[in-house]
Amino acid sequence: MASRKRSPDSCGESSLPAELRSIYRLLLQAYGRQHWWPGTSPFEVVVGAILTQRVAWSNVERAIARLKDAQLMDPASLAKAPLDQVASLIRPAVYYNAKAEKLKAFLNVLSERHGGDLAHLFRLSLPSLRSELLSVRGIGEETADAIILYAAGKPSFVVDAYTRRILSRLGLIDEKARYEEIRALFMENLRPDVPLYNEYHALLVRHGKERCRPRPACEGCPLRARCAFPDAP
DNA sequence: GTCCGGCCGA
DNA sequence: TCGGCTGGAC
């Protein structure tokens, strides 16, 4: 398929920063605020970020509720709990054995390098925090950025499959663009603003779930006027 | 049957 | 780049 990527310097086109802000406004207008992250404590956000990998959030909610019921929603308690107990509690979150290992891997780093204190970890600078998180087996780029933004409250833009699909259909990136390229598109064209990054990612998820699906519902789409996709089926 | 707020190792 | 992980909602 031919690339839909627009020429960055084509005439009459608004600048990228203006384009990204405009998309944000349209999404916010269409869907309203999303109130992310739906977790209470920073630790719960970390747990949710790992559990939600490739899984519907409704499943994650069940898993989190089970951890809370078992009084394990804090680093010290969860670190002490046997692996198979954790796995069985988070079963609704799918890939439960793998994810129990991931939680343990994170807790090991937290314990060994930060005295088990999340606030100590989050005191690192954004780049240091990011590489620290990426050093944990089971935490990749998206999960790391979600933790940085929604748990640590630092401005790292979160990119996911929805973001990639929506931006490629809009013609702003190639559909095979790498994670870092997409993240840079936002971070080099928007001010490092935590509430903005928070809401923007949440809105993209909402839009991708509800409308810009694999088979998109373009009729009445709030972004249709600036999208390169509607001329296809 | 499809679709989920990915990541790792081969 | 591709298969494995592997439950629940619609």
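Here is how names work: the chains are called A, B, and so on, in the same order as the sequence lines, proteins then strands, and each is numbered from 1. Values in this document were obtained by computation on a predicted structure and should not be read as measured data.
- For A:K104 and A:E101, the salt-bridge test fails: no basic side-chain N is under 4.0 Å from an acidic carboxylate O.
- Phosphate contact (OP1/OP2 of B:dG9, side-chain N/O of A:R137, threshold under 4.0 Å): present.
- Inspection of the A:R183 and A:T163 side chains reveals no N or O donor paired with an N or O acceptor under 3.5 Å.
- Counting heavy-atom neighbours within 6.0 Å of A:R91 CZ, excluding the residue itself, gives a total of 12 or less.
- One interatomic measurement links the two molecules: CD of A:E180 to P of B:dC7, which rounds to 13 Å at whole-angstrom precision.
- Ion pairing of A:E219 with A:R224 is present here, as a side-chain N (NZ or NE/NH1/NH2) and a carboxylate O approach within less than 4.0 Å.
- One can place CG of A:L51 at 19 Å from P of B:dC4, the figure rounded to the nearest angstrom.
- Computed from coordinates, the A:R213 CZ to B:dT2 P distance equals 16 Å when rounded to whole Å.
- Nucleotides C:dG8 and B:dC7 place their P atoms 23 Å apart, quoted to the nearest Å.
- One atom, CD of A:E61, and another, P of B:dC4, lie 17 Å apart when rounded to the nearest Å.
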Protein proximity profile, nucleotides 1-10 of chain C - base contact B, sugar-phosphate-only contact S, no contact -, cut-off 4.0 Å on heavy atoms = S---BBBSS-
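- C:dG3 and B:dT2 are spaced 16 Å apart, taking the P atom of each and rounding to whole Å.
- Among the heavy atoms of the strands lying under 4.0 Å from A:V136 are primed sugar atoms or P, OP1, OP2 only; no base atom is included.
- Rounded to whole Å, atom C1' of B:dG6 lies 17 Å from atom CD of A:E101.
- Environment of CZ in A:R137: sparse, with no more than 12 heavy atoms of neighbouring residues, nucleotides or ligands closer than 6.0 Å.
- As judged by a 4.0 angstrom heavy-atom cut-off over every strand, A:K99 is placed among residues making no nucleic acid contact.
- There is no side-chain donor-acceptor pair under 3.5 Å between A:S77 and A:Q71.
- Using a 30° and 60° split on the angle between ring planes, A:H201 and A:F157 fall in the perpendicular class, above 60°.
- Rounded to whole Å, atom P of B:dG6 lies 16 Å from atom CG of A:L134.
- Proximity of A:T52 to the phosphate of B:dG6: no side-chain N or O atom is located under 4.0 Å from OP1 or OP2.
- Atom CG of A:L103 is separated from atom C1' of B:dG6 by 14 Å (rounded to the nearest Å).
- For the pair A:R164 CZ and B:dG6 P, the interatomic distance rounds to 11 Å; values are reported in whole Å.
- Heavy atoms of A:I50 sit nowhere under 4.0 angstrom from any nucleic acid atom.
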